[in-house]
Amino acid sequence: MDDFLAARSQMALSLGFHIVFSCIGMVMPFFMAVAHYKWLTTHKIVYKNVTKAWSKGVAIFFATGAVSGTVLSFELGLLWPTFMQHAGPIFGMPFSLEGTAFFIEAIALGFFLYGWNRFNRWFHWFTGLVVGISGLLSGILVVAANAWMNSPSGFDYVNGEYLNIDPMQAMFNDAWFSQALHMSLAAFVATGFAVAGIHALMILKGRNILFHRTAFKIAAVFATVAALLQPLSGDVSAKDTAKRQPAKLAAMEAHFHTQQSAPLIIGGIPDEKNNTVRYALKIPGLLSFMVHGNFTSEVKGLDQIPANERPPVAVTHYAFQVMVGLGMVMFFIALIYYTALWKKRKWLESNWLLRLFVTATPMGFIAVEAGWTVTEVGRQPWIIYGVMKTADAVTPMPGIIYSFYLYTAVYISLAVIVTFMLYRQIKMVEKLYDIAPPDKPSNP
Amino acid sequence: MLNVVMIYLWAAILLYLLLGGADFGAGILELFTRRANLARTRKTLYKAIGPVWEANHMWLIITIVILFVGFPAIYTTMSINLHIPLSIMLLGIIARGTAFAFRHHDAVVDDMQIIYNRIFVISSCITPFFLGVIAGSAVSRTIDPYAANFADAYIFSWLHWFPLAVGLFTVTICGFLAAIYLVGETDNALDKGRFIAKARTTNTAAVISGALVFVAAYTENIPLAAWIFDNTVGVTAISLASLSLMLLWYYLYKGKVRIIRLLAGFQVSMILLTLTYRHFPNIVLLKNGKYLSLLEHRGQDKTIEALAIALLAGSIFILPALFYLLYSFQQKPKAPDSVKEKYTG
């Protein structure tokens, strides 16, 4: 592995790690706010217990997300100094504002986690909500910075110099809205399905039914609403990508040849040497329709992109298929769940519906990682699309491979410990959070 | 607007040194606590820094964001040539933050606590040490952007006695700040006495390691003494710091919590002022005699303006919330509201 590949791997690892924790950190507070609200209005103790149990998990995930995020703000410079030297002053605005949002989040989290029985109950509830809102804002701002790399604006690039910088225009670049919308919904889908799946498993095991049913319902509602909306936002993103980054769209769809009535290619093995896709399902005209709203329009293929400016096709295509496939599965689970809620109440009592949610536990996060791969690998070889190549941005320091090994070891250990701790949290629900009423011996 | 940004940069560094420093210091003190007192020290420490530790470390993020947005050349030069100490510091930050959260939020309390504690304590020492090394390297004229070989470019940019001495000095300052802070955080006279004793020890250690910084500077031909004593600001600041040192020992003896906190904060501010004033506006002194300056190596005007507005606007939200957080956890908790709990679904 050369230094360039090591630097890219380390960045991918760090972001891939951080994205999971930041999704959980920005979504869980909303779940807690709902449970907490129900506790304050109904005084049913199960809601308080769910809020407290979740907040323990959030404290762990938030700390891990916060430190891995701190590391990223340095890694940008440690690994990509040339990029930061030029990009920092242009796309710094969302980062400056994100500093504020993140700061507010940390302050609010202090109030929320340590504020039980200390403050006015509604002030305490409000601080929990602020954690969620500022977390979501942080996420949106960071994604706006990433969107700038896909859709650079707010400067003039003249003879290798970056002139007439306008930080506001850079922040509100063409891609920020579609990317931020897609990522925010993805965070709700991924976290919602993961949490709902874990609680569904515990219901199936017959443990602390009331506690887990309460928790499951809150998570499942958030997850499924987001899962139903996500295809719409995906459509916005795809159309937007087709306009701004035809190379990325072509790689996602493994669309090698520019043609009218372009088919949608599902699955298959892209062969980058011979510019074909083998064993794929092709639906004639559908790609043209999805991109331009017309079954006969022309869609630009990879053949229009100079060979040295093409992203890796296979990785981008596979990742895209995984994301869309899992997104569709979760979309249908959401449809089934709402059918159950409105028309077939007895499905809610059945085990198969719960099993469906258990199966879906990791799907959202796999889709998030796949989607992240699509947007990052699909932008290659550029770090600033059309302006600076990733290879020109890397640090001159040799030996990055050792740094990559070290970070890999650290992040794997952290992932193992966090999983282990989550397992222990769930195991302890019985003792800590499912307290039977004082006059009755045990829970139902 | 440039002035606003520079003031925020200095203030963020100072606040990180004070608040983040006391936070690191809590872990350092834990290392030097007798086994019999460990459980109580940990409890005090958790009560004191639990609600505020995440916020304390945000000042580092603010610092780094100001640097990479407003002064990218300074950020990238340091990122390249100080890659190794920065990476070690980052690993320390990861280890410390997670170990602290894990040890307090793990649902089961068992032998894993030993591992969390050990990681927490070790990383609490390593992280501020390397922060000090980085700060020391910035002004010791050892960073060489044109170095021809690996060792000169990436190792000897920071591996010198002066940066190492500054690292040690930073660690003792952190321990000192933590001890001063914790004096006011205990609920009994015994622990208060212990932290007063620790404050004296760490203060003495800080003075000694401060002297070592001068020795290291002398052996490596760094005109540290001249930087401090050839200008009125330096002389005034260092005299005030020394004067307040005497007051501090007196009030430490009296056990006056608020006064010693103010004095300790004042001292550290004066030290930072002396060390930065003489170089201003230069932040990094390079080996070839050149320097990286806040005035010359800054972003375009529009960038600086946007950054200043973002910082000012952010402060409107952050500062009141932060003061209220720090203030309210100093107060005794009020009695919980009584609520009739319902046990049925």
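These numbers come from the heavy atoms of this one structure, side chains and all, not from hydrogens, waters or symmetry mates. Just so we're on the same page: letters track the sequence lines, and every chain starts at 1.
- Both the backbone and the side chain of B:Phe102 come within less than 4.5 Å of a heavy atom in chain A.
- Residue-environment remark: NZ (B:Lys47) exceeds the threshold of 12 foreign heavy atoms within 6.0 Å.
- Looking at every heavy atom in both residues, B:Phe329 comes nearest to A:Gly115 through CZ-N, 4.3 Å.
- Contact of B:Leu326 with chain A is not made at all, since no heavy-atom distance falls under 4.5 Å.
- Chosen from A:Thr395, A:Val71, A:Ile165, the residue pairing most often with chain B at heavy-atom distances under 4.5 Å is A:Ile165.
- Nearest heavy-atom pair, B:Ala310 versus A:Leu97, reported as atom, atom and distance to 0.1 Å: CB-CD2, 3.9 Å.
- The distance from atom CD1 of A:Ile60 to atom OG1 of B:Thr98, rounded to the nearest 0.5 Å, is 11.0 Å.
- Side chain of B:Thr76 to main chain of A:Pro81: no donor-acceptor pair is present (N/O by atom type, distance under 3.5 Å, no hydrogens or angles).
- For A:Val410, the part lying under 4.5 angstrom from a heavy atom of chain B is the side chain only.
- Interface remark: B:His104 contributes backbone atoms only to the contact with chain A (heavy atom separation under 4.5 Å).
- Between chain B and the options A:Ala101, A:Gly110, A:Pro89, the largest number of non-hydrogen pairs under 4.5 Å is found for A:Pro89.
- Counting only distance, with no hydrogens or angles, the side chain of B:Gln300 and the backbone of A:Tyr162 share a donor-acceptor pair below 3.5 Å.
- With respect to chain B, the highest number of heavy-atom pairs below 4.5 Å among A:Ala106, A:Ala87, A:Ala170 belongs to A:Ala106.
- Taking A:Lys48, A:Glu98, A:Met397, A:Gln425 one by one and counting their heavy-atom pairs under 4.5 Å with chain B, the maximum is reached by A:Met397.
- For the pair B:Met112/A:Arg424, a side-chain contact is recorded, criterion being any heavy-atom separation below 4.5 Å from C-beta on.
- At a 4.5 Å heavy-atom cutoff, A:Ile426 makes no contact with chain B through either its backbone or its side chain.
- Of all residues in residues 312-322 of chain B, those placing a non-hydrogen atom less than 4.5 angstrom from a non-hydrogen atom of chain A are B:Gly314, B:Phe317, B:Ile318, B:Ala321, B:Leu322.
- A:Ser68 does not touch chain B: none of its heavy atoms, backbone or side chain, sits under 4.5 Å away.
- Separating the OG1 atom in A:Thr64 from the CD1 atom in B:Ile94 is a distance of 10.0 Å, to the nearest 0.5 Å.
- Here the side chains of B:Lys302 and A:Pro167 are in contact, with some heavy-atom distance below 4.5 Å.
- Two residues are said to be in side-chain contact when any heavy atoms from C-beta on lie closer than 4.5 Å; A:Ile400 and B:His83 meet this criterion.
- Looking at B:Met89, only its side chain comes within 4.5 Å of chain A, counting heavy atoms on both sides.
- Ring-plane geometry between A:Phe95 and B:Phe68 is classed as perpendicular, the angle between the planes exceeding 60 degrees on a 0 to 90 degree scale with a lower cut at 30.
- Residue contact with chain A, scored on non-hydrogen atoms closer than 4.5 Å, involves the side chain of B:Ile62 exclusively.
- For the atom pair CD of A:Gln85 and CZ of B:Phe71, the computed distance is 14.0 Å after rounding to the nearest 0.5 Å.
- Only the side chain of B:Leu91 comes within less than 4.5 Å of a heavy atom of chain A; its backbone N, CA, C and O stay farther away.
- You'll find the ring centres of A:Phe74 and B:Tyr75 outside the 6.0 Å limit.
- How far CD1 of B:Ile309 is from OG of A:Ser96: 11.0 Å, rounded to the nearest 0.5 Å.
- Shown here is B:Phe323, whose CZ atom has no more than 12 heavy atoms of other residues, nucleotides or ligands within 6.0 Å.
- Heavy atoms of B:Ile64 lying under 4.5 Å from chain A belong exclusively to its side chain.
- In terms of heavy-atom pairs under 4.5 Å with chain B, the best-connected choice from A:Gly69, A:Gly92, A:Ser413 is A:Gly92.
- The choice from A:Met84, A:Met421, A:Glu105, A:Met168 that makes the most heavy-atom pairs within less than 4.5 Å of chain B is A:Met421.
- The local environment of CZ in A:Phe126 is sparse, with at most 12 non-hydrogen atoms from other residues, nucleotides or ligands closer than 6.0 Å.
- The CH2 atom of B:Trp59 sits 4.0 Å away from atom CZ of A:Phe103, with the distance rounded to the nearest 0.5 Å.
- Both the backbone and the side chain of B:Tyr324 come within less than 4.5 Å of a heavy atom in chain A.
- Side-chain contact between B:Ile80 and A:Pro396 is present, with at least one heavy-atom pair separated by less than 4.5 Å.
- Interface remark: A:Leu406 contributes side-chain atoms only to the contact with chain B (heavy atom separation under 4.5 Å).
- For OH of A:Tyr423, the number of neighbouring non-hydrogen atoms (other residues, nucleotides, ligands) closer than 6.0 Å is 12 at most.
- For A:Phe83, no part sits under 4.5 Å from any heavy atom of chain B, backbone or side chain.
- Looking only at side-chain heavy atoms (C-beta outward), A:Met428 and B:Val108 come within less than 4.5 Å of each other.
- Taking the six-membered ring wherever Trp is involved, the centroid distance between the rings of B:Tyr46 and A:Tyr114 falls below 6.0 Å.
- Between A:Leu78 and B:Leu90 there is a side-chain heavy-atom pair separated by less than 4.5 Å.
- At most 12 non-hydrogen atoms from other residues, nucleotides or ligands lie less than 6.0 angstrom from NZ of A:Lys38.
- Contact of the A:Ile90 side chain with the B:Thr303 side chain is not registered, since no non-hydrogen atoms from C-beta on lie closer than 4.5 Å.
- The side-chain heavy atoms of B:Ser328 and A:Phe119, taken from C-beta on, include a pair separated by under 4.5 Å.
- Contact annotation for A:Ala66: only side-chain heavy atoms (C-beta onward) come within less than 4.5 Å of a heavy atom of chain B.
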